[in-house]
Amino acid sequence: LPSRPLFTVAYLINIFTLESQEHLQDPLFMTDVAARIAFAAGDGSSSLHVCAVVLVPQAAALGLQPLVQRSLVRIPAALLCFATVLLPTCVACMCNERWLAWLYAMLLVPITCEVLMPVAQKHCTLQRRLPALTQLRGAIALQTAFCILAVDFHIFPRAGAKTLTFGRSVMDLGVGCVVFAGALSRQRQRGSSAADATRTITRHAPLLLAGFGRLFAVRATNYHEVHSEYGTHWNFFFTLGLVAVATPLLAPHSARRCALAAIGLLSLHQLLLLGGLTEFVRSAPRTSLLSANKEGLVSLPGYLALSLAGSACAPLLHNTHILSKRLTSADAPLPHAREATQRMRVLLLLGTSMWLAASAADTYVESTSRRLCNVPYALWVISQTCLALALATAREVVGADRVGFPAPPPLLKAVNSFPLSVFLLANLLTGAVNLSVDTMTASDTVAAAVLCAYMLVVCAAAVALDDGAPMRWLSTRVFL
């Protein structure tokens, strides 16, 4: 074996890959894999449609969930959240533009009732994590968990599936939102000692271990995968793990410097893409370990820049004095509501400006590409996340009083507390379903039943972990 650890890992991966690729000589197997890969490819959608889908869980949490809670007080809170927040979210992912408009028309009634007659809710005091941010990250995790299995069924529209190279879709938004929302929740620590670096690496080591676990599991089971997404060996967990480790170590302490670092890194990344990296990713043969994982490696600087941008925007959420002057009981009857209103205005302004910038970059620089994580994609992710967070903050505006902000929906809070455990379980269940059910030929009725049972299991596991189940030690925080 080679003496250097990195080369040793690469050597073992190549040996394991060669030993597990005997099935590639089977033409029937290759035909099935090609059909599944082609089926998983998305056609792309408009930014407006993607935004409408992403906002559904926040709209449901704002209006539908409190309205039903007011009428059915004896229903368990987690089950109520499943029916009033998660089900509309899942339906939105499978709707076309026409049915999505009808869904919003139905949600508009409870939203209006809640704004005019807000129901008394449990409140939480000001904490490091704002309820709106917890609500957003829980919704992102559940929406991602639903889509990774739903995309394998015909009931899921191809407009929502991941695009091959260029384009925008609901699933294209997933990894970018996870990275940016995680950075928003992260508080930069003063000092950069060796102990802090060791603590950061240790804290996020489970993500890298999950990446290796997924790699070997996919190879061992001959599970189909789209190499053009991250590469032959690279996967979602490697990207999240490396970005989570690098961001605290590289991010400047000043928010302004952090923003400049994000702009500089993203600009350099885009210049390299235009200088030849885009063509390398699109057409270079996979003849080495580097070229075999070109998508994951080339997009990594873009995701790191996106994470730095989130760290730069975090003070806008956590430091209330940045948004407005000090509030007193004399000039602010509801100081928490006023604070949330200021935060919502900033998020709306940031989201709208990033939307316009993303549209301009998509037209004049390069088409939006999750595969490359280029400038248009990063700006698009920031705009969609900020707009969704603004709508989540509207729930704070409506429900805030002198005690504090309304607590986030319990199911979303539970999922946000244990995102890695929930996502690992979702991946395992997705693999089990695909290995036991022919998803490409399943009827819509079978698909709906399987997806409903699947989400019930995922949500039940999250609630069990949040209640203090024995498996709590397995969890870690993907977003931190």
Side-chain angles (χ1 to χ4, degrees), residues 1-25 29-30 33-34 36-38 40-42 162-167 171-172 175-176 179 207-208 210-243 245-246 265-306 365-378:
L1 291 177
S3 58
R4 297 184 181 180
L6 181 60
F7 291 159
T8 301
V9 172
Y11 177 82
L12 292 176
I13 289 175
N14 281 329
I15 292 298
F16 187 83
T17 301
L18 291 174
E19 291 179 351
S20 63
Q21 286 183 341
E22 296 178 356
H23 62 282
L24 297 180
Q25 305 300 324
F29 177 83
M30 291 304 297
V33 169
R36 288 182 176 274
I37 292 176
K162 291 179 180 178
T163 54
L164 285 179
T165 302
F166 298 109
M171 292 193 70
D172 282 329
V175 60
V179 170
L207 281 170
L208 300 176
F212 283 109
R214 187 186 187 281
L215 169 63
F216 292 124
V218 167
R219 290 292 183 271
T221 58
N222 296 332
Y223 190 78
H224 68 278
E225 60 177 342
V226 183
H227 290 166
S228 62
E229 184 176 349
Y230 290 104
T232 305
H233 311 110
W234 203 270
N235 57 56
F236 174 80
F237 295 106
F238 288 139
T239 296
L240 283 188
L242 291 177
V243 169
V245 169
L265 179 59
L266 193 58
S267 301
L268 177 61
H269 177 59
Q270 184 62 58
L271 288 175
L272 293 175
L273 289 175
L274 296 176
L277 278 183
T278 296
E279 188 61 28
F280 169 75
V281 171
R282 296 185 64 184
S283 59
R286 302 180 189 274
T287 56
S288 64
L289 189 63
L290 177 63
S291 59
N293 300 284
K294 53 189 178 181
E295 292 86 357
L297 294 173
V298 168
S299 64
L300 195 58
Y303 286 114
L304 179 57
L306 190 58
V365 179
E366 189 178 40
S367 298
T368 304
S369 175
R370 169 199 49 80
R371 189 178 174 189
L372 304 172
C373 194
N374 54 7
V375 166
Y377 176 78

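Values reported hereafter were calculated over all heavy atoms of this structure, with side chains retained and with hydrogens, waters and symmetry mates removed.
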**Asked** Any donor-acceptor pair under 3.5 Å linking the side chain of S228 with the backbone of L164?
**Response** no

**Prompt:** Could E295 and R370 be called an ion pair, given the rule that one side-chain N must be under 4.0 Å from one carboxylate O?
**Reply:** no

**Prompt:** Is there a side-chain contact between F166 and R282, using heavy atoms and a 4.5 Å cut-off?
**Reply:** yes

**Message:** With heavy-atom distances below 4.5 Å as the criterion, would you say the side chains of R219 and H233 are in contact?
**Reply:** yes

**Prompt:** Do side-chain atoms of H269 reach the backbone of L372 as a donor and acceptor pair under 3.5 angstrom?
**Reply:** yes

**Request:** Could you walk me through whether S369 and N374 pass side chain to side chain donor-acceptor pair (under 3.5 Å), step by step?
**Result:** CA-CA 6 Å; S369 175; N374 54 7; 5.0 Å; no

**Asked** Closest approach of T165 and R371, non-hydrogen atoms and distance?
**Response** OG1-NH1, 2.7 Å

**Message:** Would you compute the distance between atom CD of E279 and atom CG of L273 and round it to the nearest 0.5 angstrom?
**Reply:** 12.0 Å

**Request:** May I ask you to test the L207-L242 pair for a side-chain heavy-atom distance under 4.5 Å?
**Result:** no

**Item:** Closest non-hydrogen atom pair between N293 and W234, with its separation
**Value:** OD1-N, 2.8 Å

**Message:** Strictly distance-based, threshold 3.5 Å: is any side-chain N or O of S299 a donor or acceptor partner for the main-chain N or O of G296?
**Reply:** yes

**Prompt:** Would you say the side-chain atoms of K162 pair up with the backbone N or O of M171, donor to acceptor, closer than 3.5 Å?
**Reply:** no

**Prompt:** Roughly how far, to the nearest 0.5 Å, is CG of L277 from NZ of K294?
**Reply:** 11.5 Å

**Fill in**
In short, Y377 meets D172 closest at the heavy-atom pair OH-O, 2.7 Å

**Request:** Could you tell me whether the side chain of L266 reaches within less than 4.5 Å of the side chain of L306, counting heavy atoms only?
**Result:** no

**Item:** Closest non-hydrogen atom pair, N235 against G211
**Value:** ND2-O, 3.0 Å

**Request:** Measure the CG-CZ distance between L240 and F238 for me, rounded to the nearest 0.5 Å.
**Result:** 11.5 Å

**Complete:** Tightest non-hydrogen contact, residues T278 and L274, listed as OG1-N, 4.5 Å

**Asked** Shortest non-hydrogen contact from G302 to C373?
**Response** C-SG, 3.3 Å

